[in-house]
Chemist: 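My structure is below; once you've seen it, I'll send some questions.
For ligands, and for the atoms within them, numbers begin at 1 and follow the listed sequence. Quick caveat: nothing in here was measured; it's all calculated off a predicted structure. When a residue number appears, it is its place in the shown sequence, counting from 1.
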Amino acid sequence: MSVKKLYIETLGCAMNVRDSEHMIAELNQKEPYELTNELSDADLIIINTCSVREKPVSKLFSEIGVFNKYKKKSAKIGVTGCTASHLGQDIIKRAPSVDFVLGARNVSKLSKIIDVKHAVEVDLDYDDSSYTFGEYRTNPFKAMVNISMGCDKSCTYCIVPATRGDEVSIPSDLIVQEITKAVSSGAKEIMLLGQNVNNYGKHFTNSEEKCNFTKLLQKISKIDGLERIRFTSPHPLHMDDEFLNEFASNPKICKQIHIPLQSGSTKLLKDMKRGYTKEWFLNRCAKVRKLAPEATISTDIIVGFPNESDDDFEDTMDVLEQVRFEQLFSFKYSPRPHTTAAKFDNQIPKEIASARLTRLQKRHTQIIDEVMDAQMDKVHSVYFDELKSGSRVSGRSDDGKLFFVEGSEELLGQILPVRVTKTSRGALDGVVI
Ligand code: SAH
Ligand code: SF4
Ligand code: F3S
């Protein structure tokens, strides 16, 4: 059988990255596909889209135009992911050269619809929580594993519930099965994925199972050969003591945690429907710092949410000062369709939001420079997972820092002590000791 070529572009979050792997696996179960970076070689082009902020959506249509210009005449174009979910049929109306549209929650239907001209599958209630996808992983040393689909929150700024539907947890036995398989093919590290991982176990489709996130972590930790567990994203609201104790005391759980703040102002958090206060957030971070002083904390912050006053923004700056996040993902608020905040009065002018974002990022850069400089001569356990050019190998420390060392293939798949020899904002150089 001749091998077809697939060009796939993945935007957005880790869940989309995993969806792309699932799509490759699904295609391969039907007929062999090989990935290509050359658009003009591709028989199938997939754009796996994100719609969390406005920019990527407007880029989609100009990109389809470019693809049409350079692609083989016979090549098909598919639009998948979150923008596919919420624009659906409109994508084909606006760009009839698109062959199919497959929503974020409908990935397992790919091989069924690929040959159906102008197929649109964007069912938000579609439930493949018990579906076993074929095996495909970009990196054999670490595996992403979905533990839930969708989101049961309704943060007023966020489009995700409208693109990924209600939350459903995947049965824990299936999760354990998948991880065991990944470990037997060489993965020592896994990343558990869900929009609110620590809300795991609230909604199952069929099973009577009673399992919360802490219990799931305990169950997964028993898998022989699995050495490192990461997860993203937990929700601050569900960070109870039981969970934080497990995070701190379980040696297989990497000491890196994402605690998405969004805003430091309790008033804004209420308008955002986040369900927690500034004090609760600070209390949870303090608890992490106390129970696991070696842990790093990352966060997401939105500036310029409707009604954000100078005082509200100062609250956000205050949380930054108090927690000193080791990593920050910060965004200007972007009004999205299907969200209530888009209709709020008092949208913040762009210039004010931009100035706040600049100030936030500037201050965080200073913090991160101090954090990274203090790493000089420290020793970390690094799991090597990628060959780089110039005889270098990269990996991550337990607390999530990116490391580079001189070396070759034999380091891959090993967890070794590394001493830091050079620091920079984004990564550390070191030597294996
Ligand atoms: N489930 C995750 C977030 C997923 S979306 C959580 O609750 O933390 C990833 C991030 O995008 C969010 O944390 C938020 O900071 C940002 N985001 C979501 N909607 C946005 C919007 N309308 N404008 C700007 N940033 C947004
Ligand atoms: Fe969006 Fe909120 Fe759900 Fe996160 S928890 S995906 S921010 S609605
Ligand atoms: Fe984007 Fe969808 Fe993820 S909107 S951030 S790809 S859940």
Chemist: Would you say Ser169 and Ser129 make side-chain contact, with heavy atoms under 4.5 Å?
Modeler: no
Chemist: Under 4.0 Å between a side-chain nitrogen and a carboxylate oxygen: does that hold for Lys76 and Asp43?
Modeler: no
Chemist: Could you tell me whether Lys278 and Asp318 have a side-chain N and a carboxylate O separated by less than 4.0 Å?
Modeler: yes
Chemist: Please state whether the rings of Phe247 and Phe243 are parallel, tilted or perpendicular, taking 30° and 60° as the class boundaries.
Modeler: tilted
Chemist: What residue and heavy atom of the protein are closest to atom 7 (S) of ligand 2, and at what distance?
Modeler: Tyr157 OH, 3.3 Å
Chemist: Please name all residues satisfying ring-ring contact (aromatic ring centres under 6.0 Å, His included) with Phe404, sequence neighbours left out, ordered by chain then number.
Modeler: none
Chemist: Note every protein N or O atom lying under 3.5 Å from an N or O atom of ligand 1, pairing the names and giving the distance.
Modeler:
from: ligand 1; atom 1: 1 (N); to: Gln195; atom 2: O; distance (Å): 2.8
from: ligand 1; atom 1: 1 (N); to: Gln195; atom 2: OE1; distance (Å): 2.8
from: ligand 1; atom 1: 7 (O); to: Arg274; atom 2: NH1; distance (Å): 3.3
from: ligand 1; atom 1: 11 (O); to: Arg53; atom 2: NH1; distance (Å): 3.2
from: ligand 1; atom 1: 13 (O); to: Gln262; atom 2: NE2; distance (Å): 2.7
from: ligand 1; atom 1: 13 (O); to: Asp300; atom 2: OD2; distance (Å): 2.6
from: ligand 1; atom 1: 15 (O); to: Gln262; atom 2: OE1; distance (Å): 2.7
from: ligand 1; atom 1: 22 (N); to: Tyr157; atom 2: O; distance (Å): 2.9
from: ligand 1; atom 1: 22 (N); to: Ser334; atom 2: O; distance (Å): 2.7
from: ligand 1; atom 1: 23 (N); to: Ser334; atom 2: N; distance (Å): 2.9
from: ligand 1; atom 1: 25 (N); to: Arg53; atom 2: NH1; distance (Å): 3.4

Chemist: Measuring from atom NZ of Lys255 to atom CG of Leu291, what distance do you get when rounded to the nearest 0.5 angstrom?
Modeler: 10.5 Å
Chemist: Of the options Phe313, Phe305, Tyr157, which is the one that meets Tyr333 in a ring pair (Phe, Tyr, Trp, His ring centres under 6.0 Å)?
Modeler: Phe305
Chemist: Decide whether Ser20 and Thr10 meet the rule of one side-chain donor and one side-chain acceptor closer than 3.5 Å.
Modeler: yes
Chemist: Out of Gln195, Lys202, His203, which one pairs with Asp152 under the side-chain hydrogen bond (donor to acceptor under 3.5 Å, both in side chains) rule?
Modeler: His203
Chemist: Which protein N, O or S atoms lie under 2.8 Å from atom 2 (Fe) of ligand 2, given by chain and residue number?
Modeler: Cys155 SG
Chemist: With a 4.0 Å cut-off, would you call Asp311 and Lys267 a salt bridge?
Modeler: no
Chemist: Could you tell me whether Asp385 and Lys142 make a salt bridge, using a distance below 4.0 angstrom between a side-chain N and a carboxylate O?
Modeler: yes
Chemist: List the protein residues in contact with ligand 3, where contact means a heavy-atom separation under 4.0 angstrom.
Modeler: Cys13, Asn16, Cys50, Ser51, Val52, Cys82, Val160, Arg164, Gln195
